[in-house]
Amino acid sequence: MKDDIICLEKEREALLKFKDGLIDEYGQLSSWGNQKDKEDCCKWRGIICDNLTNHIIQLDLNGASGRLRGNISAQLLEIQHLKHLNLSFNDFNYSKIPQFIGSLGRLQYLDLSDSYFSGEIPHHLGNLSELQFLGLGTCSNALTSTNLDWLSRIHSLRYLNLGHVNLTMATNWLQTISKLIQLKVLDLSECDLPTVLPPLPSTFNASNSLYQLDLFGNNLSSSCIFHWFVNFSSSLSYINLDFNKLQGPIPDDIGNLLSLSHLSLIDNQLEGEIPISLGNLSSLSYLDLSFNQLIGIVPHLALSSSLRHLSLYRNMFNGIVTQSIGSLSKLEYLNLGSNHFEDIITESHFLNLSQLQLLDLSHNQGISFDFSLGWNPPFQSSRVFLAGCKVGPHFPTWLRTQTTLYSLDISNAGILDTFPSWLWELSPNLGHNLGHLNLSHNNFHGVLQDFSSKFSTNFYSIDLSFNHFSGSLPILPPDASFLHFSNNKFSGPITNLCNETIYDLEYLDLSNNLLSGQLPNCFANLQLDILNLAHNNFSGNIPSVSIRMSLHLQNNSFSGEIPTSLSDFATLAFIDLSRNKLTGKISTWVGDSFINLVFLSLRSNEFFGSIPSNLCYLTHLQVLDLSLNNISGAIPKCLNNLIAMVQEVDYGMYHIPNLSGGSESARGGSESANVMWKRKEREYINTLPLVKLVDLSSNNLVGNIPAEITSLVMLVGLNLSRNNLSGILPANIGRLRSLDFLDLSRNHFSGGIPIGVSQLDQLGVLDLSYNNLSGKIPQNIHLQTFDASAFEGNPDLCGLPLNKTCPGDEIPQDPKIIGNANGMKDPNEEEDKLISDGFYITMAIGFVFGFWGVCGTLVFNNS
DNA sequence: CCTGGTTGGG
């Protein structure tokens with residue numbers, strides 16, 4: 001009926017032109033149109049018209065169910081009575097916020113957040129004097145405001161979100177904000193706020209009504225900001241200052257904020273004790289002080305009886321855990337992990353904690369437990385972390401009462417016990433089941449029973465590594481993604497691995513066990529990030545397995561050739577096939593395929609043929625070990641293309657993400673590699689050296705050393721010994737200034753020792769023995785520290801430290817005074833320069849889980 | 001608006 005149409009013709013025309021500027025892929029505006037049945041624009045989606053005047057007062061085109069794209073037409077200005085405009089969560093392709101929005105003078109609500117706007121926020125928005133709500137935040141916008149003066153004209157503002165707007169230049173932000181005396185909610189998180197704050201305006205008063213303050217991630221220091229917000233004593237309820245640089249103690253007057261319910265100060269540089277006044281805050285329900293340097297004991301916290309969330313994780317708290325926390329009957333989340341608490345935890349600590357869902361006491365070496373045998377806790381927790389506490393010698397039986405347990409980490413807790421098989425069946429009929437289990441680094445022993453029928457399908461990770469489990473590998477849970485079974489005594493074939501659907505497996509570590517036999521067929525179906533079968537006795541061919549990042553098969557009895565299927569995985573960073581019985585030529589696809597390869601060891605196998613020059617495409621390669629094979633031919637001249645050995649490491653290059661998903665109990669696993677270093681095999685577990693090595697020793701290589709090799713100036717070790725190399729040594733070998741280890745022994749090199757050898761200041765081991773070198777050894781102080789054995793077996797070589805005088809020289813000293821007999825410096829003195837100098841950089845094959853820090857064993861030292 | 005994290009939505 002015509003009478004029902006209340007839409008004003010002029011506004012309807014404007015809306016249709018506005019729609020014309022938009023690309024509506026998801027049909028958000030399908031109710032908008034010219035058709036007869038769509039005549040009343042007041043019924044269009046997102047439109048609200050005023051009951052009396054019929055003017056459009058609200059336009060809400062939030063794109064949450066499908067982003068609109070395109071341009072915002074200036075036709076919007078025809079809708080002059082608009083009070084509420086929401087264009088959030090659309091995609092305006094990083095265009096600027098139109099200045100004309102500042103002319104919609106009746107606007108009370110403006111939300112342009114998360115909509116791909118960029119550039120300077122137009123100061124025209126300051127004309128919107130009626131505005132109460134302004135949302136311009138979120139990271140999909142790339143907005144800047146060099147000066148916030150425009151904001152101070154919007155006196156009516158109650159809610160302001162400028163999160164992620166770049167305010168680097170807005171040095172007056174605090175003064176501006178202080179003028180907004182109606183403000184209730186302020187979000188300036190991740191605004192890159194200037195950290196040097198000018199003094200507060202003298203007119204500043206505390207009579208305003210700020211309720212929620214979010215300054216997350218701004219590098220703010222304590223000096224001004226605490227003083228500022230402590231003035232909102234009666235109103236402030238929520239404070240988030242996570243990821244700033246607050247120093248010194250938490251000020252006492254924080255206890256004046258009597259309405260405070262949420263205080264989060266994660267990852268600052270706070271020191272000293274928690275102020276006693278915090279206990280005054282009877283409304284406090286959320287307190288997170290994680291990642292600071294706070295000390296002391298915390299008895300008064302127990303006064304905050306409203307607490308639901310309490311985290312003191314990663315601080316330096318010491319002393320006892322007050323038993324009065326047992327009175328915090330609303331506590332759901334209790335994290336005291338990674339501190340220096342020393343206490344015996346008893347049942348009374350949990351007296352009234354009937355709501356507790358998460359308990360983390362891990363990494364407090366001084367914490368032990370004294371529960372009665374039949375203790376039935378008042379809570380049903382889903383996540384329990386007791387790693388690094390004194391839990392043992394027996395597995396804690398009280399956990400049997402926890403029928404909703406999902407994550408359990410009791411690693412490194414001194415447990416000497418058999419596997420508690422009831423863990424698999426805590427409450428299978430309720431749909432709950434353990435998803436993450438970490439029992440590593442204990443003394444568990446015995447054979448694992450077949451528990452396959454007990455699993456539900458939501459298992460995610462199991463870490464049983466570093467125990468003494470024996471017998472066959474058990475039938476594994478289906479759907480598990482991370483299995484860490486390394487460093488046990490599992491033995492025999494691993495056919496059980498294929499008895500279940502294991503297609504979700506991403507990480508399999510069976511290294512350092514007693515496993516044997518051929519790899520079962522199901523390996524051909526796996527798609528793994530990391531496979532580590534090192535240090536077992538597996539035999540047979542390597543199946544065509546899919547590995548995305550890391551393959552460790554070293555020290556087994558694998559035979560046959562490297563499967564060509566591996567060439568599909570350009571992301572592979574580590575390949576260690578050393579100490580097997582592999583054979584064949586080193587195929588050209590090794591160099592062509594693995595463009596991300598950092599580590600390649602084929603050491604001690606039966607490879608033959610020449611070194612393909614394609615290997616020089618491996619520009620990220622740091623370790624190339626082809627030693628102890630039957631490789632012939634010349635050393636490729638192109639080695640100078642291995643630029644990772646030429647340049648300093650770009651650490652970012654190795655940030656290989658997310659191997660084990662999101663649980664605190666599922667942290668990473670082991671990443672190991674075997675490296676020959678100074679004639680000793682070393683295994684690096686969880687670490688790989690920054691050391692850059694080329695080891696081609698013990699092959700049948702011929703020809704000379706290509707001069708290009710002296711371009712590898714970051715090379716720390718070069719071993720070409722025990723080949724049939726000949727010719728003179730490169731004249732500019734002195735360029736290899738990082739060399740700590742140089743072994744060219746047992747070849748047929750001739751000519752003099754280049755003076756450059758004496759320039760290798762870092763050299764700890766030198767061996768030039770058993771060649772045809774001639775002439776006088778450079779009489780340099782450093783070279784003279786090496787033993788004569790480093791030069792022996794060269795009939796025409798003379799001069800110190802050899803006991804052979806060069807023609808026309810004086811009789812040399814007794815060489816025994818200078819060095820010992822094996823060509824190395826005194827081992828006690830030398831130790832390992834790389835380690836003592838902090839030269840080994842732990843390499844990340846792990847990931848930081850949320851902001852809860854780096855995962856323990858997979859530290860990558862970014863500093 | 002709510003939420004919560006080196007931002008993301010309904």
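Throughout, a chain's letter reflects where its sequence line sits, starting with A, and its residues are numbered from 1. Keep in mind that what you see is a predicted model, and the values were worked out from it rather than measured.
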Lys/Arg-Asp/Glu bridge criterion (N-O < 4.0 Å) met for A:R548, A:D529: yes
Find which nucleotide of DNA chain B each of A:H164 and A:S88 is nearest to by heavy atoms, and output the residue with the more 5' nucleotide. A:H164
Measure distances between side-chain N and O atoms of A:N240 and base N and O atoms of B:dG4, and say whether any donor-acceptor pair falls under 3.5 Å. no
Once ring pair (Phe, Tyr, Trp, His ring centres under 6.0 Å) is applied, do any residues pair with A:Y286, and if so which ones, sequence neighbours excluded? A:H262, A:H309
Is it true that the NZ or CZ of A:R67 lies under 6.0 Å from the centre of A:F89's six-membered ring and within 45 degrees of the ring axis? yes
Given B:dG10, B:dT7, B:dG4, identify the nucleotide with an atom nearest to the side chain of A:A64. B:dG10
Could you tell me whether A:S65 contacts a base, only the sugar-phosphate backbone, or nothing, with contacts defined as non-hydrogen atoms closer than 4.0 Å? nothing
Pick the nucleotide of DNA chain B nearest each of A:Y109 and A:R67; which residue has the one closer to the 5' end? A:Y109
By the 4.0 Å heavy-atom rule, please label A:S113 as base, sugar-phosphate, or nothing. base
For the pair made of CG in A:D214 and P in B:dG5, what is the distance, rounded to whole Å? 11 Å
Could you provide the dot-bracket string of DNA chain B, using ( ) for intrastrand pairs, [ ] for crossing pairs and | for bases paired to another strand, with Watson-Crick or G-U pairs below 3.5 Å? ((.....)).
Kindly list each side-chain donor-acceptor pair under 3.5 angstrom involving residues 123-131 of chain A, sequence neighbours excluded, with atom names and distances?
| from | atom 1 | to | atom 2 | distance (Å) |
| --- | --- | --- | --- | --- |
| A:H124 | NE2 | A:Q99 | OE1 | 3.4 |
| A:N127 | OD1 | A:R153 | NH2 | 2.8 |
| A:N127 | ND2 | A:H124 | O | 3.4 |

Between residues 184-193 of chain A and DNA chain B, which residues have a heavy-atom gap below 4.0 Å? A:D187, A:S189, A:E190
What does A:Y286 touch in the nucleic acid at a heavy-atom separation under 4.0 angstrom: a base, only the sugar-phosphate, or nothing? nothing
If you go through the side-chain atoms of A:Q212, does one of them form a donor-acceptor pair with the base of B:dG4 closer than 3.5 Å? yes
Quick note, salt bridge (Lys or Arg N to Asp or Glu O under 4.0 Å) partners involving residues 43-56 of chain A, not counting sequence neighbours, are A:D40-A:K43
Of all heavy-atom pairs between A:L180 and A:S152, which one has the smallest distance, and what is that distance? CD2-CA, 4.2 Å
Base B:dG10 to side chain A:N62, donor-acceptor N/O within 3.5 Å cut-off: yes
Applying ring pair (Phe, Tyr, Trp, His ring centres under 6.0 Å), which residue pairs with at least one partner in residues 146-197 of chain A are found, sequence neighbours left out? A:F133-A:Y159
